[in-house]
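Below is one structure, written out as structure tokens; the observations come after it.
Each ligand, and each atom within it, is numbered from 1 in the order the structure gives. Note that the numbering runs from 1 along the sequence shown for the chain. As a basis for the values below, the full set of heavy atoms in this structure was taken, side chains included, without hydrogen atoms, waters or symmetry mates.
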Amino acid sequence: MSCERCHDTGWCAAATDATRVERCECWRQGVVQTLLSGARIPPRYRDCELASFVTYENEQLLRAVEKARQFIELFPVVDKGLLLIGPPGIGKTHIAVATLRQVVLDKGVRGLYYDTRSLLSTIRATYNPVTRTSEVDVLRPVMEAELLVLDDLGAERLTDWVEETMNLVVNTRYNDRRPTIFTSNYEDLSDSEALDSLLVRVGFRMHSRLREMCEFLEYSGPDYRDFEFTPSSEDLYRAWSAQPRRKLPVRASTRARAQLKRGKPELGWTGGRAGG
Ligand SMILES: [Zn+2]
């Protein structure tokens with residue numbers, strides 16, 4: 001379809017001074033669409049927006065959404081990325097992708113989405129064990145994206161290679177001051193023995209780097225996928241209220257279990273709950 005304003009040249013008379021030309025809005029739209037389709041956002045998340053995300057009276061969740069809003073507004077002047085933590089199905093990927101999309105749309109930056117496991121398998125596919133390097137074609141866009149979303153951090157079993165590769169990616173971005181948004185199903189437990197803690201899943205070095213480079217946004221909630229239709233705020237609040245408040249991970253350490261049995265109120269959660 002042709003543009004009446006610029007007749008598809010991409011240039012038109014400047015609004016302030018007709019003797020000059022400026023980029024037409026249609027050209028900008030075209031650039032943004034190209035950037036969006038290059039961001040590798042999976043089809044099911046392609047329309048994610050913060051505006052369409054149903055929230056409810058859950059202080060930690062509302063804080064996460066507010067931090068995402070601020071991130072969009074302030075980008076690229078942001079000190080830290082975001083790390084969304086919580087059980088599966090509570091909308092972490094929605095918030096992460098909505099933030100990525102909006103930053104691309106508003107600021108016209110190169111953004112990139114990767115599921116952590118698929119990133120690692122892509123890198124692995126080109127990895128040369130003799131030279132211990134991967135194709136630069138795979139790594140460069142990940143390291144150089146102005147905003148990267150790494151979904152489901154900690155899902156991959158931590159081997160030396162996984163740890164080394166993830167640290168390379170994340171450290172390079174950190175040193176180049178390029179923000180990253182992570183999601184993870186693994187809680188940031190202070191108990192370093194807990195097998196399902198973020199620390200154990202990503203390793204000590206990555207964990208301390210994440211602390212430096214990200215705002216930790218941990219929240220709980222009902223699984224959105226348990227609802228047949230799009231749930232209302234009331235539906236979500238009701239389901240959330242019915243959940244046990246301090247759910248231990250399946251393979252929690254013996255010490256945490258013992259504490260729970262003794263009914264100790266403080267289980268060493270660092271994420272904290274409302275008002276904590
Ligand atoms: Zn035009």
Enumerate donor-acceptor pairs with a distance under 3.5 Å from any side-chain N or O in residues 78-97 to protein atoms, sequence neighbours excluded.
| from | atom 1 | to | atom 2 | distance (Å) |
| --- | --- | --- | --- | --- |
| Lys92 | NZ | Gly86 | O | 2.9 |
| Lys92 | NZ | Pro87 | O | 2.9 |
| Lys92 | NZ | Asn185 | OD1 | 3.0 |
| Thr93 | OG1 | Asp151 | OD1 | 3.0 |
| Thr93 | OG1 | Asp151 | OD2 | 3.0 |
| His94 | NE2 | Glu49 | O | 2.8 |

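- Geometrically, Arg40 does not engage Tyr113 in a cation-pi contact, judged by NZ or CZ lying under 6.0 Å from the ring centre and within 45° of the ring axis.
- Partners of Glu144 under the side-chain hydrogen bond (donor to acceptor under 3.5 Å, both in side chains) rule, at least two apart in sequence or in another chain, do not exist in this structure.
- A donor atom on one side chain and an acceptor atom on the other are found under 3.5 Å apart for Arg209 and Asn171.
- Partners of Arg44 according to the side-chain hydrogen bond (donor to acceptor under 3.5 Å, both in side chains) rule, which considers only residues two or more places apart in sequence or in another chain, do not exist here.
- Take a cut-off of 2.8 Å around the Zn ion (ligand 1): the protein N, O or S atoms inside it are Cys3 SG, Cys6 SG, Cys24 SG, Cys26 SG.
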Determine, step by step, whether Tyr224 and Phe53 satisfy the ring-ring contact (aromatic ring centres under 6.0 Å, His included) criterion, reporting the C-alpha distance in whole Å, the side-chain angles of both residues, the deciding distance to 0.1 Å, and the verdict.
-> CA-CA 11 Å; Tyr224 281 66; Phe53 186 61; 5.6 Å; yes
